[in-house]
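Whatever order the structure lists them in is the order used to number ligands and atoms, beginning at 1.
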Amino acid sequence: MRREIIAGNWKMNNLTSEVETFFKDFGALSADTKRQVIVAPAYPYLKTAGELARECGIELAAQDLYPQPEGAFTGMIGSKMLKDLGVSAVIIGHSERRHILHEPLDLIREKVRFAQEEGFHLIFCVGETLEERQSGEMLNVLTTQITSAFDNNLTAAPEMVTIAYEPVWAIGTGVVATPEQAEEMHSFIRKLITEKYGYGDSRILYGGSVKPNNINGLISLEDIDGALVGGASLKAESFRALVNA
Ligand code: PGA
């Protein structure tokens, strides 16, 4: 059984008072919550958020990781700092880093390797742009993103390796993939990671304009094991609704 995950990626949002309000309003997860619940605050808020998250039963993720423990890497955050702050999961390869920062495949691969070596739960993001979808390239794009990061590079247990399929055209746009579109991509990813790596038990999350009113149509599908949520994770009320959906 793959345990479902609801993960919130706060990106460059939520200041101290908003972080505090979020956890106060969210409250503690009830003992019968079966889903794994994770939030990824921006780096400066990991300490505040981490303490409050722990009291609520929520796990702490970082939005990225530089693949070194510590050292002379100006502006980077490595594994020692993240562990010091209680971070247990890291998001790698988010489309905003791939596209805005032009993060190269070999750096993403190195982050994937290092995150596993350091014992973090890896949340690895993939997804095609609208152009790539319209030109029919989307399955090739996913294959390249996955194989360039995973070939001869998977060392962690499958439950510590999660993939988030996030079509770039659905992120922050309000345009959610239809359940059929999402399931087609998820089942393709499931087949690929099962046949190529034996990682069929890894979880595959959908991301891109997930809201309380559309999550059920997605999460009920065979190969969708949860959601990675941006906008709707910023406020406790909608994040709660997603966790309880
Ligand atoms: P969104 O972001 O929910 O705001 O579309 C999703 C993501 O980028 O993880």
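- Geometrically, ligand 1 and His94 share a nitrogen or oxygen pair separated by less than 3.5 Å.
- Ligand 1 places these atoms under 4.0 Å from at least one heavy atom of Gly172: 1 (P), 4 (O), 5 (O).
- For ligand 1, the polar-atom distance check against Glu96 finds no nitrogen or oxygen pair separated by under 3.5 Å.
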Stepwise side-chain hydrogen bond (donor to acceptor under 3.5 Å, both in side chains) test for Tyr66 and Glu110:
CA-CA 9 Å; Tyr66 192 70; Glu110 180 55 13; over 6 Å; no
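- Under a 3.5 Å cut-off, the side chain of Arg98 and the backbone N or O of Ile108 do not form any donor-acceptor pair.
- For Phe22 and Trp10, the distance between ring centers is under 6.0 angstrom.
- Salt-bridge formation is detected for the pair Asp151/Lys196: a Lys NZ or Arg NE/NH1/NH2 atom is positioned less than 4.0 Å from an Asp or Glu carboxylate oxygen.
- When hydrogens are left out, the protein atom nearest atom 6 (C) of ligand 1 is Gly230 N, 3.5 Å; that is the closest non-hydrogen contact.
- By the 4.0 Å heavy-atom criterion, Ala232 is excluded from the residues contacting ligand 1.
- Residue Ala170 approaches ligand 1 through these ligand atoms, each under 4.0 Å from one of its heavy atoms: 5 (O).
- You'll find the ring centres of Phe150 and Tyr199 outside the 6.0 Å limit.
- Here the protein heavy atom with the shortest distance to atom 4 (O) of ligand 1 is Gly231 N, 2.8 Å.
- Residues Arg190 and Asp225 are paired through a salt bridge, judged by an N-O separation under 4.0 Å between the basic side chain and the carboxylate.
- Remark: minimum distance from atom 9 (O) of ligand 1 to any protein heavy atom is reached at Glu166 OE2, 2.6 Å.
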